[in-house]
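Taking it in order: structure first as structure tokens, then the write-up.
Note that this is a predicted model, so its numbers are computed, not measured. Both counts, for ligands and for their atoms, begin at 1 and track the order of listing.
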Amino acid sequence: MQVRSEKNWGVDWAGLGWLFLFFWYFSCAPQLLIQITGTSGFTGFRQAFLMSALWLVPVLLFPAKTRAIAGVIGAVLWLGSLVSLGYFFIYGQEFSQSVIFIMFESNMAESSEYLTQYFAWWMIAGFALHTVLAYLLWRRVRPLQMTGRPAYAMAVVMLLSSVGYPLISQTLQEKTFAAAMLKVEARVEPAVPWQLVLGYRQYREQLNNMQGMLTDAAKVPPLKNLKSSQGEQPTTLVLVIGESTNRQRMSLYGYPRNTTPNLDKLRNDLLVFDDVVTPRPYTIEALQQVLTFADEENPDLYLKTPSIVSMMKQAGFKTYWITNQQTMTKRNTMLTTFSEQADEQVYLNNNRNQNARQYDGDVLAPFAKVLQEDAPKKFIVVHLLGTHMSYQYRYPPEFEKFTDRTGAPARLRDDQVATYNSYDNAVLYNDFVVSSLIGEYAKKDDNGFLLYLSDHGEDVFDSESGNVLGRNEGKPTAPMYTIPFMVWASPKWRQGHEWNLTADTSRPYSSSQLIHTWADLAGLSFDEYDASKSIVSASFKERPRMIGDPYAGKKSLIDFSLIKPKAVKKELETAQQ
Ligand SMILES: [Zn+2]
């Protein structure tokens, strides 16, 4: 009975079934893994299912070309699914457009470094199996036994159920078409290849925004009633921004391996703050807050208020930005936006191939040169590559000091030791660079101070499980957030300022409030300044240090103290033994 009625309708259910299965397979495979591992909810799975119906439309309209059409669409979906699958293999998470954004942000060369860091041979087998299954499914695809009206009617049904219905219903629900489109995009995204297409489109949009931001930054109203207690006294202030350095791996902060011998020697001249965390574990996202008035509660303030560079310009400083990060492509990313706000830039990382070795020691010569420049008031930002992966590219051979298990936690697996050691060697070299910057600055004996902090931390098998490598906001661990934060002041500065070496350096602080500390240290005051957010102020007020993606809704923000696991402390204690 059933069969006959289908025949009457002229619907080729079996043919449609195989075709659908073929198209769905590419979204289904990664989504299935996500389901099985409990990484994410069921919505993505359902959306991917619905979206796969869209590909039936062209084969319904042109049945004679079924195999060719399926082949071409299949090839595109296959490529997209390799990305989703690869990302899942490496991070154990669902691919999303923010991943693309971060991939492009750290640019492609750096991304390939990530790949080499995480790649494992079993992944090739996974890709091969995935490809073979796709091919076998394609072999089952055949032209549909339906043409004319039934086929067209079915095409309309598929079009409506995949994109038509959500588009119509969202347009009715939302006030504007643009808002409806955003909702529809969110539904479409779990399906291959839309996360790539939409992700790239959104990335381009961001890029345009940033280009606009430079123009807009110039239009941001200046700080109100800005005054300097410094008067016209010549001053040089230096901000050193590190990269991916977890303070728990610095002997300055109690790590058992002697990874910061130079800073250890300087300890008595440094204000070393030992409870500072970053709001976000990614360079751009962190610096958007660190270098501006933005924070987790007000993430967009970086667009509406002056950055630290504009602030210092307004205070009459000539501003310099020396960077060993990859900005030379002049893509107008967030970093470039910040650096372009300075009066002068030195871009050191000119390598087209980032896999070439690049050492932060390169910043020392231009730093010394800028110190000699003839400007009474100077503000110098030095942006290091720090201990960014791949760690072994961050230090010259003579800094390869840690080569065995001595001083490393006993639980490290044999295959983790080399990476673990290369990170410590990178920290050791970073110690040389930061202390050399201080040394260079001290030699010039200018009036002023130098502040060093890292943009975020890095988990190199530090946290509980011992398996985490890198950073992941979705699965935060303390080492991704705990950063070094210290200040060195010149003797001249100390003479003229209340340089409080007894300041409470154990205050819990988020680097998202840095601009207030900086203004306080520099003797600047203005209406937007909030002394309770300055770590060196007598009016300092302790606040919860929020971390997480502020754009993913209020619920995604959590207090850092909630993830500060006892386990990390325990690990450190074990390592010290
Ligand atoms: Zn970073």
Side-chain angles (χ1 to χ4, degrees), residues 91 98-115 117-118 210 239-250 276-292 294 296 299 302 307-308 321-329 331 333-339 347-349 354 358-360 363 381-391 393-395 422-423 426-427 429-430 433-434 451-460 462 468-485 510-512 514 547-549:
Y91 290 94
S98 55
V99 175
I100 298 193
F101 185 65
I102 282 156
M103 243 165 63
F104 278 97
E105 202 54 57
S106 31
N107 100 30
M108 291 314 267
E110 209 174 314
S111 305
S112 66
E113 269 186 39
Y114 269 91
L115 272 187
Q117 189 108 19
Y118 285 107
M210 285 175 197
L239 174 63
V240 180
I241 307 167
E243 171 65 66
S244 303
T245 304
N246 165 20
R247 70 160 176 266
Q248 299 177 52
R249 298 288 283 268
M250 301 169 73
V276 182
V277 299
T278 187
R280 305 198 60 186
Y282 307 116
T283 309
I284 311 300
E285 286 71 9
L287 293 183
Q288 267 174 11
Q289 298 188 18
V290 173
L291 300 178
T292 72
E296 291 284 78
Y302 76 94
S307 69
I308 197 167
W321 189 288
I322 302 168
T323 179
N324 199 29
Q325 296 244 346
Q326 299 155 290
T327 36
M328 202 49 228
T329 50
R331 288 171 305 113
T333 57
M334 193 68 226
L335 269 183
T336 316
T337 312
F338 283 131
S339 61
Y347 294 118
L348 292 164
N349 202 333
Q354 182 49 30
Q358 180 77 24
Y359 304 139
D360 276 337
V363 303
V381 177
V382 181
H383 196 182
L384 303 174
L385 209 47
T387 56
H388 195 287
M389 62 171 65
S390 297
Y391 318 127
Y393 292 132
R394 302 294 159 242
Y395 54 89
S422 66
Y423 186 70
V427 174
Y429 183 63
N430 187 63
V433 173
V434 174
L451 189 150
Y452 163 66
L453 83 167
S454 181
D455 59 344
H456 49 74
E458 180 100 332
D459 195 333
V460 186
D462 294 288
V468 182
L469 178 59
R471 294 162 265 129
N472 186 344
E473 198 164 42
K475 293 178 183 166
T477 63
M480 298 172 190
Y481 295 87
T482 49
I483 53 166
F485 189 104
S510 165
S511 58
S512 63
L514 173 78
I547 57 163
D549 180 356

| request: Could you walk me through whether T283 and D455 pass the side-chain hydrogen bond (donor to acceptor under 3.5 Å, both in side chains) test, one step at a time? | output: CA-CA 6 Å; T283 309; D455 59 344; 3.1 Å; yes
Does D459 offer a backbone N or O that forms a donor-acceptor pair with the side chain of N246 under 3.5 Å?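 No, N246 side chain to D459 backbone: no donor-acceptor pair under 3.5 Å.
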query: Under 3.5 Å, side chain of R280 to main-chain N/O of E285, donor-acceptor pair present?
result: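 Such a contact is absent between R280 side chain and E285 backbone.
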With sequence neighbours excluded, what pairs up with Y423 under the ring pair (Phe, Tyr, Trp, His ring centres under 6.0 Å) test?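 Scan of Y423 (ring pair (Phe, Tyr, Trp, His ring centres under 6.0 Å), adjacent residues dropped) gives Y391.
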Practice problem: Under 2.8 Å from the Zn ion (ligand 1), how many protein N/O/S atoms do you get? Just the number, please. | Solution: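 Excluding waters, the total comes to 5.
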Worksheet item: What residues, two or more places apart in sequence or in another chain, satisfy salt bridge (Lys or Arg N to Asp or Glu O under 4.0 Å) together with E243?
Response: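 Per chain and number, E243 pairs via salt bridge (Lys or Arg N to Asp or Glu O under 4.0 Å) with no residue.
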* Quick one: side-chain contact (heavy atoms from CB on, under 4.5 Å) partners of P476, sequence neighbours excluded? ->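 Partners of P476 by the side-chain contact (heavy atoms from CB on, under 4.5 Å) criterion, ordered by chain and then number, come out as Y481, I547, I558, I563.
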